[in-house]
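For reference, the structure discussed in these notes is given below.
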Amino acid sequence: MKTTIFLISIIFFTFISLSQEEEILYPFNSSYSGKVGYMNSKDEIVIPALYDSGKTFDDFNLYIVTKKIENSDVEYCALFDNKGQFLIGFENHYELINLSSYKFGYILVMKEGKWGYINLKNEIKIPLEFDYLGDILSGTIIASMDKFVTGK
């Protein structure tokens, strides 16, 4: 009897922990405005369709959106979590946010044409002063100031 109760308890807690996995959001376009937003698997809007483009990073449950500045060619990026909360807002004026090195805790950003790395708290880890800054590979980053580096 004790074994049965123990097994039922394990099955119950396993089911509860699996059901609490973080939800992945899915992009959608507003048929009215053409803007991008995100919804959950229950078709509930989590991130409203207010953005010009969006990119999903399922591995991290993070979502990058872009917004063009009116009467300008400038476009800024922001980063959301899967609950629709801004992690990195448009007020930072990042022209690019890249999560290719996020597994190391770093987010590649570009502002005013200069590259650097921040963390999820928007703390600068590598100053935004580089003309080129590559992904983190085996703990190494290729960087260049005052000119562009090519692989040649």
(Q) Once rounded to the nearest 0.5 Å, what's the spacing between atom CE of M39 and atom CZ of F28? (A) 4.5 Å
Q: Of all the heavy-atom pairs spanning E129 and M145, show the shortest one and how long it is.
A: O-CE, 3.6 Å
Q | Closest non-hydrogen atom pair, S30 against A49 | A | CB-CB, 3.8 Å
Q: Indicate if W115 and I97 have the same hydrophobic cluster label, given that clusters are the connected sets of ILVMFWY residues with side-chain heavy-atom separations under 4.5 angstrom.
A: no
(Q) Please enumerate all residues that pass ring pair (Phe, Tyr, Trp, His ring centres under 6.0 Å) together with F130, with sequence neighbours excluded. (A) none
Q) Is there a chain of hydrophobic side chains (I, L, V, M, F, W, Y, each step under 4.5 Å between heavy atoms) that links L128 to L79? A) yes
Q: Could I get the full list of ring pair (Phe, Tyr, Trp, His ring centres under 6.0 Å) partners for F60, not counting sequence neighbours?
A: Y102
Q. How far apart are the C-alpha atoms of D131 and K114, what are their side-chain angles, what is the distance that settles it, and do they pass the side-chain contact (heavy atoms from CB on, under 4.5 Å) test?
A. CA-CA 5 Å; D131 294 314; K114 297 293 182 178; 2.6 Å; yes
Q. Do you know which two heavy atoms are closest between L133 and A143, and how far apart they sit?
A. CD1-CB, 3.4 Å
Q. Apart from L50 itself, which Ile, Leu, Val, Met, Phe, Trp or Tyr residues share its cluster (side-chain heavy atoms under 4.5 Å, direct or through members)?
A. I24, L25, Y26, V36, Y38, V46, I47, Y51, Y63, V65, I69, V74, Y76, F80, F86, F90
Q.
Could you check whether any side-chain N or O of S101 sits under 3.5 Å from a backbone N or O of I136, counting only pairs where one atom can act as donor and the other as acceptor?
A. yes
Q | Euclidean distance, I88 CD1 relative to I107 CD1, rounded to 0.5 Å | A | 4.5 Å
Q) Which pairs with one or both residues in residues 78-91 pass side chain to side chain donor-acceptor pair (under 3.5 Å), sequence neighbours excluded? A) E22-N82
Q) Does L99 share a hydrophobic cluster with I118, counting links as ILVMFWY side-chain heavy atoms below 4.5 Å and allowing steps through other members? A) yes
Q) Is Y106 linked to F57 within one hydrophobic cluster, defined over Ile, Leu, Val, Met, Phe, Trp and Tyr using a side-chain heavy-atom separation of less than 4.5 Å? A) no
Q. So how far is it from C77 SG to K111 NZ, rounded to the nearest 0.5 Å?
A. 12.5 Å
Q. Among all residues two or more places apart in sequence or in another chain, which pass the ring pair (Phe, Tyr, Trp, His ring centres under 6.0 Å) test with Y94?
A. none
Q | Taking every non-hydrogen atom, the tightest pair across D52 and K68 | A | OD2-N, 2.5 Å
Q.
Membership question, hydrophobic clusters at under 4.5 Å side-chain separation (ILVMFWY): are I126 and L96 in the same one?
A. yes
Q) Which value, rounded to the nearest 0.5 Å, describes the distance between I124 atom CD1 and N122 atom CG? A) 7.5 Å
Q) How would you list, by chain and number, every residue that makes a side-chain contact (heavy atoms from CB on, under 4.5 Å) with S100, sequence neighbours excluded? A) N98, D135
